[in-house]
Number of protein chains: 2
Amino acid sequence: MTQKAKEYYRDNPQFYVAVDCIIFAFENDELQVLLQQRNFEPFRGEKTLLGGFLQDEESLEEAAQRVLQFHTGLTNIYMEQVGTFSALDRDPGARVISTAYYALIDKNLYDSALLKEYDGEWVSTDHLPSIHFDHTKMIEQARELLRRKISFSPVGFNLLPPSFTLAQLQRLYEVILGQEIDKRNFRKRVSEMQFIEKTGEIDKVSSRRGASLFQFNMEKYNLIHEFKLK
Amino acid sequence: MTQKAKEYYRDNPQFYVAVDCIIFAFENDELQVLLQQRNFEPFRGEKTLLGGFLQDEESLEEAAQRVLQFHTGLTNIYMEQVGTFSALDRDPGARVISTAYYALIDKNLYDSALLKEYDGEWVSTDHLPSIHFDHTKMIEQARELLRRKISFSPVGFNLLPPSFTLAQLQRLYEVILGQEIDKRNFRKRVSEMQFIEKTGEIDKVSSRRGASLFQFNMEKYNLIHEFKLK
DNA sequence: AATGATGAGTGTATTTTTTACACTTTTTGT
DNA sequence: ACAAAAAGTGTAAAAAATACACTCATCATT
């Protein structure tokens, strides 16, 4: 590369680049998000999303997966980029450009022991506490993205255990969409999608009568690749 | 801020941060995008999107508007963030994190004299030439975002002059959605939205009989805030 | 001045999709 | 035995989307 070409880059400023993870889980008929109460500087005592700085040899996606793994123990998690936030004063400690990702996890699988190490806490997205930086906006944008996506893409299953009852699935949709759904209409739509299949097992925990357990069959979905549920 | 807090930032690497603008316009029944053939290093001779580096005292949005104004002369243009691209080798000259924005402009208004200064050229999004970096992916993602948005949000009007015929509007939708639309059904839907209103003027250019000109009334739309057109 | 060509403009019937709605079944705890 | 709790199931009505063909106004040509 010529000297001129090097200058092309060199004349420009550089920035700290971060990722912030909106880690969603579903429990108690709530869409929850994982926050941490910071016990370190800067901003000790503030609630924030889980984040980290981009390092030299990783992409933003990799950084987000790294942050996620560090705080939940989980790898290979469904993630989607929400957007990049760059207001001059968004982090009063320094100029930081941050890209938000949301992740959907099965709350049964994450490592809850880690939680204590970094003062993590799950909060309902319906009543968010006061959160530092622009992280509230990030969460709201992520929630809206998820709300739009869940009707046309089978991403919601990432929030459930591998097998689930139709009542669980329906409650998940009701919570994320923010509206009640007619049980019979919902089940009609589910039964039209052959890749949501009965496991044959019966869940006896949530009801006296027992409810059939279902699973999402990704292979079958990939053949059909049509999804509509709402 | 304490010493500890400063280290929190200082231990992390910094990066060049850029914006790339996907500038869309509508002409000749084509959705076009503005590229430049670079006559400077690095990557002289390559076709790329219009871009620029983020500077210290501006947000990404402001940087994108600056790039847009520099190349088209236009200010206050509709823009939307597409996403942030961070693959390690995306720019072989240096590690650069780039956020893509798409902009919708009325091709009658931009400053075509500027085009020659930087070897700009409009190309159809239907047959993109070979484009450097990951810019092809950016354009495709932007196009897809626009395709999804245009049915539920009145953004398409940004690509048209202030007054337009219904045939023009329909062709715009057909091109962006990539499918033919029934004329009577389309007009039925338009007539249901009172904020798309007749100006009273007649366009005599595009047909012998003359076609009524319409305009999008933003104030009326803001009261209703419901849009559906496909 | 007649006529042919061009795009503008207009309404209804059919199909598909979405929504509304209520009772029976199974099991457990009392 | 019976009360309580959630599972499971089908049809009719309403709403939305689609398919479809001719007349109108004007200009250019002859």
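Proteins get letters first, then strands, A, B, ... in listed order; numbering begins at 1 in each. What you see is a predicted model; the values in this text were computed from it and never measured.
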Next item on the list: Write down the distance between CG (Asp203(A)) and P (dA5(D)), rounded to a whole number of angstrom.
Entry: 18 Å
Check: DNA chain D: Lys230(B) or Arg171(A), which has the more 5' nearest nucleotide?
Finding: Arg171(A)
Next item on the list: Kindly write out the residues that satisfy side-chain contact (heavy atoms from CB on, under 4.5 Å) with Tyr118(B), not counting sequence neighbours, or none if the list is empty.
Entry: Leu34(B), Gln36(B), Leu50(B), His71(B), Leu114(B), Leu115(B)
Next item on the list: Would you please name every residue forming a side-chain contact (heavy atoms from CB on, under 4.5 Å) with Asn222(B), sequence neighbours left out?
Entry: Met218(B), His225(B)
Note to self: Rounded to whole Å, how long is the line connecting atom CD of Gln179(B) with atom C1' of dA19(D)?
What the structure shows: 15 Å
Next item on the list: Please list all pairs passing the salt bridge (charged side-chain N to carboxylate O under 4.0 Å, His left out) test where one or both residues lie in residues 63-74 of chain B, with sequence neighbours left out.
Entry: Glu58(B)-Arg66(B)
Check: Do Gln179(A) and Glu174(A) have side-chain atoms, one donor and one acceptor, less than 3.5 Å apart?
Finding: no
What side-chain donor-acceptor pairs closer than 3.5 Å can you find for residues 205-212 of chain A, not counting sequence neighbours?
from      : atom 1 : to        : atom 2 : distance (Å)
Ser206(A) : OG     : Asp203(A) : OD2    : 2.7
Ser207(A) : OG     : Gly210(A) : N      : 3.0

Note to self: Distance check needed: dT19(C) C1' versus Phe186(A) CZ, whole Å only.
What the structure shows: 16 Å
Notebook entry, point to check: Which residues pass the ring-ring contact (aromatic ring centres under 6.0 Å, His included) test with His127(B), sequence neighbours left out?
Noted result: none
Item checked: Nearest to side-chain heavy atoms of Arg187(A), which nucleotide of dG8(D), dT19(C), dA8(C) -> dG8(D)
Note to self: Considering every strand and a 4.0 Å limit on heavy-atom distances, what is the contact class for Thr165(A): base, sugar-phosphate, or nothing?
What the structure shows: nothing
Margin query: Let's see if you can work this out: which of dT19(C), dG9(C), dA7(D) has an atom nearest to the side-chain heavy atoms of Ser212(B)?
Written below: dG9(C)
Note to self: Would the base of dT18(C) count as contacting Lys228(A) through its side chain, where contact means a donor and an acceptor less than 3.5 Å apart?
What the structure shows: no
Notebook entry, point to check: Base, backbone or nothing for each nucleotide of nucleotides 21-30 of chain C, written B, S, -, heavy atoms under 4.0 angstrom, 5' to 3'?
Noted result: BB--BBBB--
Check: Whole Å only: how far is the NZ atom of Lys188(A) from the P atom of dA20(C)?
Finding: 12 Å
Checklist line | Interatomic distance, Gln170(A) CD vs dG8(D) C1' [rounded to whole Å] | finding: 12 Å
